[in-house]
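Heads up, the thing below is written out as structure tokens.
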Amino acid sequence: MGLDQHGRTIDYMRISVTDRCNLRCLYCMPEEGVPWKPHDAMLSFDEIERLVVIAAAEGFSRIRLTGGEPLVRLGVVDLVKAIHNTPGIERVAMTTNGILLPKYAQELRDAGLDRVNISLDTLDPEQFKHITRWGNIDDVFTGIDAALEYGFNPVKINSVVVRSLNQDLLAYAKLSLDRPLHVRFIEYMPVGDPEGENGCGWSESDTIPNDELIEIVNQRAVDAGLGELVPIGGDAKPEGWGPARYYQLPGALGTVGFISALSRHFCSECNRLRLTSEGLLRPCLFNDMEFDIKTPLRAGNDEQVRQILHDALSSKPDEHHNRIGTERLMSQIGG
Ligand code: SAM
Ligand code: SF4
């Protein structure tokens with residue numbers, strides 16, 4: 001394995017461990033009415049571990065756990081440990097909203113988790129409550145402190161930017177000044193059915209293209225006397241598995257990154273497969289093609305698991321061709 005049919009090396013798997021969450025971000029999950037999958041419809045941790053063993057033997061070396069909120073699923077620390085101990089797996093990471101990090105940071109580090117991405121879309125407590133529907137921003141700040149205290153490296157802070165929210169982008173970039181935090185602006189992606197009955201109502205016009213965002217942040221930094229954003233590359237960039245463009249505010253300990261799935265898509269550098277919590281392998285976030293890997297995993301048929309892994313790989317489209325609507329919510333795919 002290793003290469004897909006478009007010549008890309010695919011060695012990174014994003015594994016969603018649950019579709020549930022302790023928040024309800026407007027753009028990700030409706031407040032009510034999400035049909036939760038029953039527990040036995042989700043892959044057990046034993047099944048995920050088995051898949052990781054097979055995937056590692058086929059060349060996958062990096063795993064990220066995501067969701068829903070991965071830290072709400074009981075036993076996730078043990079899963080991290082098992083994945084970390086799998087021969088061939090070099091790095092284990094997690095994307096989390098950070099709320100339960102103070103509780104689990106130490107255990108996760110001990111279990112072998114290297115790095116965390118923490119999602120935080122605003123620094124304003126009221127706006128945070130609005131976006132997440134009930135979250136308390138102080139919980140996330142405490143989660144960020146815990147991530148730094150226990151030595152996760154890098155610690156990245158992801159913010160989905162939406163035109164109509166009018167977030168304070170400079171305040172966010174300034175988080176990178178005094179601590180080694182790598183803040184990243186992420187283009188909003190209208191996945192699921194955002195303009196449908198239970199959607200957040202935002203459309204593609206709510207996405208601020210990265211080039212525009214960089215200009216806005218740069219101008220605000222200059223106006224505030226902080227200097228211009230300096231592009232950085234090579235070793236100065238935080239290590240990552242994705243396609244962010246990185247900059248630094250002069251003298252900052254951390255960096256400011258920009259991730260664009262739409263305006264400058266990175267399909268030619270795509271390196272990943274996604275696994276949903278109910279055991280469907282998804283070759284592309286923006287394409288509803290999925291492969292049932294739960295059935296052979298449950299049947300203990302390793303050969304078929306391997307075959308489906310190959311089928312999913314060889315079905316990766318060359319790019320999303322600007323078709324970005326999906327039938328599922330982000331929380332159901334695993335963001
Ligand atoms: N609960 C965890 C968290 O919030 O980090 C992990 C799952 S969440 C689905 C993963 C990431 O997807 C978050 O950073 C979230 O902001 C992002 N996300 C969700 N819906 C999105 C959308 N429509 N466009 C862009 N990013 C989105
Ligand atoms: Fe939960 Fe993360 Fe989705 Fe927010 S973005 S609702 S924290 S899964």
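Note that ligands are numbered from 1 as they come in the structure, with each ligand's atoms numbered from 1 the same way.
A heavy-atom separation below 4.0 Å is found between Gly68 and ligand 1. A heavy-atom separation below 4.0 Å is not found between Ser119 and ligand 2.
Within the 2.8 Å limit, Cys21 places no N, O or S atom next to atom 4 (Fe) of ligand 2. Within the coordination shell of atom 3 (Fe) of ligand 2, defined by N, O or S atoms under 2.8 Å, Cys28 is present.
Put simply, CG on Leu273 and CG on Asp4 are 9.0 Å apart, with the number rounded to the nearest 0.5 Å.
Contact atoms of ligand 1 toward Ser119: 3 (C), 4 (O), 5 (O), 13 (C), 14 (O) (distance under 4.0 Å to a heavy atom of the residue). Residue-ligand proximity, Glu187 to ligand 1, at heavy-atom distances under 4.0 Å covers atoms 25 (C). Shown in contact with Thr66 at under 4.0 Å from a heavy atom are these atoms of ligand 1, numbered in order with element: 6 (C), 7 (C). The atoms of ligand 1 that sit less than 4.0 Å from any heavy atom of Asn97 are 2 (C), 3 (C), 5 (O). Every atom of ligand 1 with a heavy atom of Gly67 under 4.0 Å away is listed here by number and element: 7 (C), 9 (C). Here is the list of ligand 1 atoms found below 4.0 Å of a heavy atom in Tyr188: 23 (N), 24 (N).
Here the heavy atom of the protein found nearest to atom 4 (Fe) of ligand 2 is Cys25 SG, 2.3 Å.
If you chain together hydrophobic residues whose side chains sit under 4.5 Å apart, Ile259 and Ile232 never meet in one group.
Not one N or O of Ile186 is nearer than 3.5 Å to an N or O of ligand 1, by distance alone. On a distance-only criterion, Tyr27 and ligand 1 share at least one N/O pair closer than 3.5 Å.
In plain terms, the two heavy atoms of Glu69 and Cys21 that are nearest each other are CB-SG, 3.6 Å. When all heavy atoms of Pro70 and Val17 are compared, the pair lying nearest together is CA-CG2, 3.6 Å. Scanning all heavy atoms of the two residues, the minimum distance from Asn158 to Tyr172 falls at C-OH, 3.1 Å. Contact detail for Lys294 and Glu278: the closest heavy-atom pair is CD-O, 3.5 Å. Heavy atoms only, all atoms of each residue included: Lys103 and Glu107 are closest at O-OE2, 4.0 Å.
Within the 4.5 Å cutoff, the side chain of Leu165 has no heavy atoms near those of the Thr122 side chain.
Because its NZ or CZ atom is not both nearer than 6.0 Å to the ring centre of Tyr246 and within 45° of the ring axis, Arg184 does not count as a cation-pi partner of that residue.
Of the listed residues (Asn210, Ile208, Leu169), just one forms a side-chain contact (heavy atoms from CB on, under 4.5 Å) with Phe185, and that residue is Leu169.
Contacts of Val160 with ligand 1, taken as heavy-atom pairs under 4.0 Å, involve the side chain alone. At a heavy-atom distance under 4.0 Å, only backbone atoms of Thr96 (N, CA, C or O) approach ligand 1.
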